Student: 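Quick one: this structure, given as structure tokens, is what I'll be asking you about.
Residue numbers start from 1 in every chain, and the chains themselves are labelled A, B, ... in the order their sequence lines are given, proteins ahead of strands. Nothing here was measured: the structure is a model prediction, and the numbers come from that model.
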Amino acid sequence: MGKSLVIVESPAKARTIAGYLGDDYVLGSSVGHIRDLPSRASDVPAAQRKRFGALGVDINEGFEPYYVVSPEKKKTISELKKHLAKADELLLATDEDREGEAIAWHLVEVLKPKVPVRRMVFHEITKDAISKALDETRAIDDRLVDAQETRRILDRLYGYEVSPVLWKKVTRGLSAGRVQSVATRLVVQRERERMAFRSAEYWDLLATFDPGAFEARLVALDGARIAQGKDFEPTTGELRESGVVRLDEARARTLSESLDDATFAVRSVEERPYRRKPAAPFRTATLQQEASRKLRFSAQTTMRVAQRLYESGYITYMRTDSTTLSESALAAARTQVAELFGEDFVPAKPRVYGRAVANAQEAHEAIRPAGDAFRTPKQLERELNRDELALYDLVWKRTLASQMEDARGQTVSLRIGATSANGEDLEFGASGTVITFRGFLAAYEPGKDEPTDDDEERVLPQLKVGQEVTLEALEPDGHSTVPPARYTEPTLVRALEERGIGRPSTYAAILSTIVDRGYVFKRGTALVPTFVAFSVVNLLERHFEQLVDFDFTARMEHDLDRIAAGEQARNEWLERFYFGNDGDPGLHHLVTENLDAIDARAVNSIAIPGSEAVVRVGRYGPYLEHDERRASLPADLAPDELTPGRVEELAQGALDRADSMFRTDVAPWCPEIF
DNA sequence: CAGTGAGCGAGCTTCCGCTTGACTT
């Protein structure tokens, strides 16, 4: 008698909470969303099909959605109904964010409870937080539900209206969406930069001095700074700044030889304190980044392993945008740091990390070891497999480090001067860091995408101004500038997260989507765009510019907040997006009347910098068009590898093999395009 | 009667975000 049904989203969470609540409570889980818009018209009953059409939204009647319960969810719902029949109260404990609020609302709509319904929310799974949540229940926030529904409908309209444009103008089966199209655009833009990149060569001198056999580089010649990589314009390879000296190989060799009899003396010693703070505890995006750098896990692997750790009670929830630790977690971390490293490593006050991300909803804690006392990885060696243990180790170390003291030390910068045989003044520079107190570094060193010399710990000898040093070795050293690196899984996720695009639950899925659609392929860890991606991005940039603007989602989020606050009407907002107003044509117009304005041949033509040839994307894939001739392109060719030289080679290859050579004035590949 | 081919019409592709199995490889 008198039992309450508590519904959460995750079955694992239900199990945990059941332990904190007494026998008066029955736990159920929705296993995520329980209803959604139909994915195709045939999922809508025939009688409703005319009204809701293929969109599942009645665009003429207040953008009313038609929701369907998918077959896989029928069982979940019947189980919840069974529990509800025996309960005399329903507590909706879905996550406290936009999606969680909507799930709660859908549950009420579908379960049609006859007993009182209350909404309860908590952001951490501790006994205190849950009992407090029981005392502070509220009603469902209908405005927040409105905001979620608006988001859902916007994504449906965008995805289901723009994708067919791509089928008509590029190739069947393609897709566009608020998230995937921006992700694809980022990857394409980076490749365009690489294609436009012109390398520059520059030289300097690398000296080794005694005492200490330390290395120093030539930094100035007659008072002018020696050019480094960052001084060159990426698209021209030209020097950006005029007061800078660029050395070529000959000059570097001459300079080197002119120092044979020179004396070298310390000109300056600059000592600065070094201090470095630990990074915040993990959220989904940073966990994916570090697991990629340190464990070489894909985003998908990281999430799969984290899911297992979460379900077995080793870590807290892994899909989160929050870096907050609960009070009990802070205490656990501080206690363990004191035990393992000593009191010196515990800061006077717990460290607090602010909101790290745009559009964070912070419905959960940071990702950390579960429980009120953290188990060490060593204690778990027998129960976890290799991948699980490695990921747990990462989470555990990062959590402890986040509650440890700063690393402290000294940075020393040296300048060493000499005069060449030709009377030129040369200055060499070296810097080193000595860490005197390791602080958080004792537990955890953040990974890097590309290791650099600067942040290596390097010890320089104690030297005084005026002191002479001996030249042990002197080598001219050549460098060339490199194009911006391609995105990898974690760097693309970071770029999206920075712009508030996508959610923790979707980061890994976004990567699969753009790969599955044939927009991106992986070469090692690098994400390489296909020529089809270039076509799609061309089309979207030229004809749906505002939709692929990098700030589109941020603006949407801002508007959804206004809807949630009751400052903006849902229908007005959707009306404007879809049907437009003053000057803005709206999406509907762009995908219907304006369709003829999209020149398929133009968007499917990709110019090759420095070459007369163009790549065209046809129904059967990309090919090269050059001098009225066509040549097919190898499927694994990266766009930036299509240099003018490679174009010649491919064109020649096509000529040599008459069977694969074809003329441009016959056999149209695609009626729309040619 | 069997095989071929032209012509026509119908159906399909697609979004984001929440959560796990159930499934195959």
Student: Rounded to the nearest Å, what distance is computed from the OH atom of residue A/Tyr507 to the P atom of nucleotide B/dC16?
Tutor: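 So the two atoms are 14 Å apart, to the nearest Å.
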Student: Can you measure A/Ile514 atom CD1 to B/dC15 atom P for me and round it to whole angstrom units?
Tutor: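 In whole Å, B/dC15 P lies 12 Å from A/Ile514 CD1.
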Student: Please report the distance, rounded to the nearest Å, between CZ in A/Arg156 and P in B/dT13.
Tutor: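 Checked: the CZ to P distance equals 12 Å.
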Student: Is it the case that over 12 heavy atoms from other parts of the model lie below 6.0 angstrom from the CD atom of A/Glu545?
Tutor: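 Counting neighbours around CD of A/Glu545, 12 or fewer heavy atoms of other residues, nucleotides or ligands fall under 6.0 Å, so no.
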Student: Distance check needed: B/dT14 C1' versus A/Gln180 CD, whole Å only.
Tutor: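 The distance from CD of A/Gln180 to C1' of B/dT14 comes to 8 Å, rounded to the nearest Å.
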Student: Main chain of A/Arg601, side chain of A/Ser605: is a donor-acceptor contact present, judged purely on distance under 3.5 Å?
Tutor: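 Yes, the answer is positive, given that a donor and an acceptor are paired below the 3.5 Å cut-off.
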Student: By the 4.0 Å heavy-atom rule, please label A/Leu174 as base, sugar-phosphate, or nothing.
Tutor: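 Sugar-phosphate, backbone atoms only, no base.
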Student: Are A/Tyr160 and B/dC15 stacked, counting the six-membered base ring, centres under 5.5 Å, planes under 30°?
Tutor: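 By the stated criterion, A/Tyr160 and B/dC15 do not stack.
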Student: Do other residues, nucleotides or ligands put more than 12 heavy atoms under 6.0 Å from the NZ atom of A/Lys74?
Tutor: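 It does: A/Lys74 NZ has more than 12 such atoms within range.
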Student: Output the rounded distance in Å from OH (A/Tyr158) to P (B/dC15).
Tutor: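 Nearest whole value for this atom pair: 12 Å.
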Student: Determine whether a donor-acceptor pair (N or O, by modelled atom type, separation under 3.5 Å) exists between the side chain of A/Arg119 and the backbone of A/Ile140.
Tutor: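 Absent.
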Student: Report the distance from atom CH2 of A/Trp167 to atom C1' of B/dG11, rounded to the nearest whole Å.
Tutor: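 To the nearest whole Å, that distance equals 11 Å.
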Student: For the side chain of A/Arg172, counting heavy atoms from C-beta on, which of B/dT13, B/dT14, B/dC15 is nearest?
Tutor: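 Of B/dT13, B/dT14, B/dC15, B/dT13 is nearest to the side chain of A/Arg172.
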Student: Can you check each nucleotide of nucleotides 17-25 of chain B against protein heavy atoms at under 4.0 Å and return B for base, S for sugar-phosphate only, - for none, in 5' to 3' order?
Tutor: BBBS-----
Student: Mind checking if A/Glu161 touches a base, just sugar-phosphate, or nothing, with heavy atoms under 4.0 Å?
Tutor: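 If one applies the 4.0 Å heavy-atom cut-off, A/Glu161 turns out to touch nothing in the nucleic acid.
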Student: For the side chain of A/Ser163 and the backbone of A/Ala176, is there at least one donor-acceptor N/O pair under 3.5 Å apart?
Tutor: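 Flag set: sc A/Ser163 to bb A/Ala176 pair under 3.5 Å.
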Student: Return the value, rounded to whole Å, for the distance between atom CD of A/Gln148 and atom C1' of B/dC15.
Tutor: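 Rounded to the whole Å, the gap is 13 Å.
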Student: Output, in order, the C-alpha distance, side-chain angles, deciding distance and verdict of side chain to side chain donor-acceptor pair (under 3.5 Å) for A/Thr324 and A/Ser322.
Tutor: CA-CA 6 Å; A/Thr324 305; A/Ser322 168; 3.3 Å; yes
Student: Consider only side-chain N and O atoms of A/Thr284 and A/Arg319, and report whether a donor and an acceptor are under 3.5 Å apart.
Tutor: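 Result is no, nothing qualifies.
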Student: Identify whether any heavy atom of A/Ala176 sits under 4.0 Å from a base atom; if not, whether one sits that close to sugar-phosphate; answer base, sugar-phosphate or nothing.
Tutor: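 Contact class for A/Ala176: sugar-phosphate only.
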Student: Which residue, A/Arg138, A/Glu89, A/Glu136, forms the side-chain contact (heavy atoms from CB on, under 4.5 Å) with A/Arg118?
Tutor: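 Among the candidates, only A/Glu89 passes.
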Student: Can you tell me the distance, in whole Å, between the CG atom of A/Leu560 and the C1' atom of B/dC16?
Tutor: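 A/Leu560 atom CG is separated from B/dC16 atom C1' by 12 Å.
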Student: Name every residue in residues 37-53 of chain A that has at least one heavy atom under 4.0 Å from any atom of DNA chain B, in order of residue number, or write none if there are no such residues.
Tutor: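 Residues of residues 37-53 of chain A that come under 4.0 Å of DNA chain B are, in numerical order, A/Ser39, A/Arg40.
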Student: Any side-chain heavy atom of A/Val617 within less than 4.5 Å of one from A/Thr530?
Tutor: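 A/Val617 vs A/Thr530: side chains apart.
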